[in-house]
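Structure record follows, encoded as structure tokens.
Quick note: numbers below take in every heavy atom, side chains included, and nothing from hydrogens, waters or symmetry partners. Both counts, for ligands and for their atoms, begin at 1 and track the order of listing. By convention here, the first residue in the shown sequence is residue 1.
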Amino acid sequence: MSVRPSRLRALETARQCASLGARQRTIAYLTGLAPAYILRSVYSKEHPAPIGRPSYCEEFYFRAGTRVQAAASLFASRYRTLTDEGFLPADALIAAFRHLRSTCPSTPFSFDEAFFLIANLDGIWASSSRTLALTRCPACGRDYLVPESSAHTHRPDGCPVCRADWAGRAGSHASAAPLAHAAEPVELTLPVDKDITRAKLLRTLEALAAGPKVAAVLSEDPRAAMFRAAPNRTSVTTAFLTRPLALHLWSVNTHVTDRVQFAVFALWYRHAQQVGVPRAEAMCAAVTKMRTACRGFGNLVKFDRCFEVAALLDGAWGIETPRLELRSCEKCGSQYLLSLNEVRPSPCPFCALVRRHRVLLPAALEPEPTS
Ligand SMILES: [Zn+2]
Ligand SMILES: [Zn+2]
């Protein structure tokens with residue numbers, strides 16, 4: 001049920017690679033995801049997988065013109081800076097390629113070619129050994145790519161950055177192609193986005209200590225459709241909980257501080273829904289808000305109980321009609337929950353909390369009003 005952080009990372013990396021034009025095989029190398037999954041979930045009708053095998057060509061760099069070599073060298077040295085700063089190779093590759101694309105409108109090589117350059121530079125992914133190296137140019141002070149075997153020999157005219165015409169002419173940087181700023185590409189919607197959202201939701205649910213069955217229902221796990229209510233229970237929802245809330249005695253049986261927590265939760269839950277947050281995310285946001293607001297309370301209500309309250313409030317997840325309602329207290333103006341099954345409900349829990357403090361604390365100990 002739980003999502004390993006590495007899985008979420010792999011999905012997010014796959015998404016970024018696809019939006020940069022990566023082929024299936026490149027994504028598989030970078031993420032370890034199954035090729036069939038990538039084909040099915042990473043690309044879409046609007047953004048199909050690029051056709052053909054990726055051009056993993058050893059000679060690509062050496063056959064390229066000076067400008068392409070210069071751009072590739074700048075890209076590779078940016079990659080190196082990022083890995084030296086502690087970025088993981090896949091993240092550094094994506095960031096360096098993004099940078100190249102943002103400064104160079106007609107990117108001179110594809111993401112797959114960039115991937116293969118880095119594979120050969122570090123001897124990783126599709127390459128079993130280092131065949132390229134970076135060496136510093138004494139003239140311009142930039143790093144450029146050379147064959148690993150000749151990395152330490154002196155090459156007088158070797159630096160493509162010096163030789164590229166856009167770098168050589170003084171004052172021409174801004175107008176020259178590789179340094180002009182291109183507009184950020186429009187964000188794509190890909191099928192993998194759904195899996196990313198779901199993986200994030202599952203991690204949040206885990207952090208909030210949601211039970212496995214409630215997590216399955218909220219994340220729309222297909223297994224949840226098979227959950228059934230116990231024979232003596234009327235609704236499916238309560239099948240997930242050990243003991244359903246006794247609605248006919250709800251306010252009497254529920255501790256005042258628990259009722260306060262449920263009220264705070266319900267209010268945030270409603271608010272999140274009103275601004276368009278989907279139910280499952282609204283639940284997580286409201287529980288987080290409630291726990292922050294009530295952190296001083298000795299006993300914090302469980303996530304699964306909040307799920308039950310939300311189901312009873314909405315008439316959702318197996319509850320046919322709403323059984324709990326948010327009401328405004330006439331005395332203090334606070335919103336609190338009322339069970340529709342209760343004949344003689346206890347009054348507002350916020351008022352009860354204040355009353356309890358008045359009884360427990362002598363007036364002399366209460367702080368003076370400041371104004
Ligand atoms: Zn140079
Ligand atoms: Zn009140």
Donor on one side chain, acceptor on other, Asp314 and Gln273, under 3.5 Å: yes
Residues Arg323 and Asn341: side-chain donor-acceptor under 3.5 angstrom: yes
For the Zn ion (ligand 2), every protein N/O/S atom that sits closer than 2.8 Å, waters excluded: Cys329 SG, Cys332 SG, Cys348 SG, Cys351 SG
No-hydrogen, no-angle side-chain donor-acceptor test under 3.5 Å, Thr189 and Glu46: no
Under 3.5 Å side-chain donor-acceptor pair for Thr83 and Arg80: yes
Phe350 and Tyr336: CA distance, side-chain angles, deciding distance, ring-ring contact (aromatic ring centres under 6.0 Å, His included) verdict: CA-CA 8 Å; Phe350 294 96; Tyr336 67 100; 7.7 Å; no
Cation-aromatic face contact Arg15/Tyr43, 6.0 Å, 45 degrees: no
Opening angle at the Zn ion (ligand 1) [SG, Cys159; SG, Cys137; to 10 degrees]: 110°
Sidechain N-carboxylate O distance under 4.0 Å for Asp221, Arg223: yes
Cys140 atom SG and Cys162 atom SG as seen from the Zn ion (ligand 1), angle to 10 degrees: 110°
